[in-house]
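Indexing begins at 1, ligand by ligand and atom by atom, following the structure's order.
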Amino acid sequence: MVVLANPALHSIPLVGSPKHGARFPGIPVVDLSRPGAGEAIVRACEDLGFFKLVNHGIPAELMRRLEAEAVKFFSLPQVEKEKSGPANPFGYGDKRIGVNGDVGWLEYLLFVVTSDPLSCTSMTACSFRSALSEYLVAVRKMASDVLRSMAEGLKIEPRDALSKLAMDEHSDGIIRLNHYPPYPQLRGLNRSLTGFGEHTDPQIISVLRSNDSSGLQISLEDGSWVSVPPDQASFFINVGDCLQVLTNGRFRSVRHRVAANGVKPRVSMIYFFGPPPAQRIAPLPQLMGEGKQSKYKEFTWGEYKKAAYRSRLGDNRLVQFEK
Ligand SMILES: C=C1C[C@]23C[C@@]1(O)CC[C@H]2[C@@]12CC[C@H](O)[C@@](C)(C(=O)O1)[C@H]2[C@@H]3C(=O)O
Ligand SMILES: O=C(O)CCC(=O)C(=O)O
Ligand SMILES: [Fe+2]
């Protein structure tokens, strides 16, 4: 493993660019406004656990406003930003991800989404809070549409079987704003710095939007990595560990990572939709044929999350819950 010998970087590993697999047909694109969206979502979640969403109905202005507020925050002097930290796990974080020794070339803000989104961000400016609050409301509505459409594609009733887990008033939502700063010393090296190391997201789905800077990569079933071309007008949806369990392994919780190219800063915003802490996570009975056994032991989201927060970023967190 190559690491940059700069103590300020906490030995952040370098990553090369993935070679495009000749047989990879590209990231699936789902048009949420079209009648066949449900089937397309199911196909993408089975094949990759990941897809790009277009015609999602979220005004570009909402995304641009939140991005501009995030950029304004990340441009503050370090001492100012650190007044909102350290992330434990919520707040401002710099290079350290979680509390178990993971590091990456990024800084971030992590907030819990409460039923009153404004109260969770008392540490940020008023304009930031209102941009965030409007964004959260819009993304919630869109994620609910995506999960309903997914249920339709899976042919399960009721159609809110999935969306109600993510949209309940006690659902455990998190919003994360990531900033991967430039790193001029990388120029000419043809390498990137690990921005966010490889991992799966523990929740049901994650809804990601970024600026037009590359870096996100996903892992295919054969273990190879492919780059996701950025698209600031679209959203990217990740299947998380919970959704893999809810579908008894039919959907793939996608392994992904971010390689910080060091040239153009990347700014991303990810809304993680988790179920309520007391929610039992088990395959949906509607998806279990007669006599079919669950591949997983029973657990609640609260139990899973506790175990997840004790793990390292790259660990396979589901393995200890497999039968
Ligand atoms: C190393 C860690 C950071 C993380 C909590 C964990 O112990 C393992 C899961 C990590 C992750 C990945 C997806 C999301 O970014 C995140 C907020 C989450 O729910 O699980 C992070 C956690 C974090 O940064 O606190
Ligand atoms: O910043 C990104 O583009 C993705 C980060 C990510 O995967 C995460 O925060 O869980
Ligand atoms: Fe992630």
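Residue Ala308 places at least one N or O, backbone or side chain, under 3.5 Å from an N or O of ligand 1. Between Gln203 and ligand 1, at least one N/O pair is under 3.5 Å apart. Of the N or O atoms in Ser311, one or more lie within a sub-3.5 Å distance of an N or O in ligand 1.
Heavy-atom proximity to Ser268, at under 4.0 Å, picks out these atoms of ligand 2: 1 (O), 2 (C), 3 (O). Shown in contact with Arg176 at under 4.0 Å from a heavy atom are these atoms of ligand 2, numbered in order with element: 9 (O). The atoms of ligand 1 that sit less than 4.0 Å from any heavy atom of Asp102 are 1 (C). Interface of Asn100 with ligand 1, defined as ligand atoms under 4.0 Å from a residue heavy atom, comprises 7 (O). Taking every heavy atom of Gly98 and a limit of under 4.0 angstrom, the matching atoms of ligand 1 come to 3 (C). Proximity to Leu208 (heavy-atom distance under 4.0 Å) selects the following atoms of ligand 2: 2 (C), 3 (O), 4 (C). Close approach to His199 involves these atoms of ligand 2, each under 4.0 Å from a residue heavy atom: 6 (C), 7 (O), 8 (C), 10 (O). Close approach to Arg317 involves these atoms of ligand 1, each under 4.0 Å from a residue heavy atom: 8 (C), 9 (C). When each atom of ligand 2 is checked for a heavy atom of Arg266 under 4.0 Å away, the hits are 2 (C), 3 (O).
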Per-pair distances, 0.1 Å, donor-acceptor, side chain in residues 38-46, under 3.5 Å, sequence neighbours excluded:
{"residue": "Glu46", "atom": "OE2", "partner": "Arg250", "partner atom": "NE", "Å": "2.6"}
{"residue": "Glu46", "atom": "OE2", "partner": "Arg250", "partner atom": "NH2", "Å": "3.1"}

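At the shortest separation from atom 13 (C) of ligand 1 among protein heavy atoms lies Asp201 OD1, 3.3 Å. With hydrogens left out, the protein atom closest to atom 5 (C) of ligand 2 is Asn178 ND2, 3.4 Å, a heavy atom.
Neither the backbone nor the side chain of Leu106 comes within 4.0 Å of ligand 2, counting heavy atoms alone. Residue Phe272 touches ligand 2 through its side chain alone, judged by heavy-atom distances below 4.0 Å. Contact annotation: for Asp201 versus ligand 2, heavy atoms closer than 4.0 Å belong to the side chain alone. With a heavy-atom cut-off of 4.0 Å, Arg257 does not touch ligand 2 at all.
In this model, a donor atom of one side chain and an acceptor atom of the other lie less than 3.5 Å apart for Ser224 and Asp222. Checked by atom type, the side-chain pair Gln78/Tyr92 shows a donor-acceptor distance below 3.5 Å.
Note that CG of Asn211 is 5.0 Å distant from CD of Glu67, once rounded to the nearest 0.5 Å. For the atom pair OG of Ser130 and OH of Tyr135, the computed distance is 15.0 Å after rounding to the nearest 0.5 Å.
Around atom 21 (C) of ligand 1, the closest heavy atom drawn from Arg176, His199, His256 belongs to Arg176. In this structure, of Phe272, Phe90, Tyr309, Phe196, the residue bringing a heavy atom nearest to atom 5 (C) of ligand 1 is Tyr309.
Not a single heavy atom of Lys305 sits less than 4.0 Å from an atom of ligand 1.
Protein N, O or S atom count below 2.8 Å of the Fe ion (ligand 3): the structure gives 3.
Not a single donor-acceptor pair under 3.5 Å links the side chain of Arg176 to the backbone N or O of Leu110.
Using the six-membered ring where Trp is involved, Phe299 and Phe321 have ring planes that are tilted, between 30° and 60° apart. Ring geometry, Phe273 versus Tyr271: the interplanar angle falls under 30°, so the pair is classed parallel (tilted spans 30 to 60°).
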Checklist entry - Could you go step by step and tell me if Phe90 and Ile174 meet the side-chain contact (heavy atoms from CB on, under 4.5 Å) rule? => result CA-CA 9 Å; Phe90 300 110; Ile174 299 178; 4.1 Å; yes
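Considering Lys81, Arg266, Glu107 in turn, Glu107 is the only one that fulfils the side chain to side chain donor-acceptor pair (under 3.5 Å) rule with His179.
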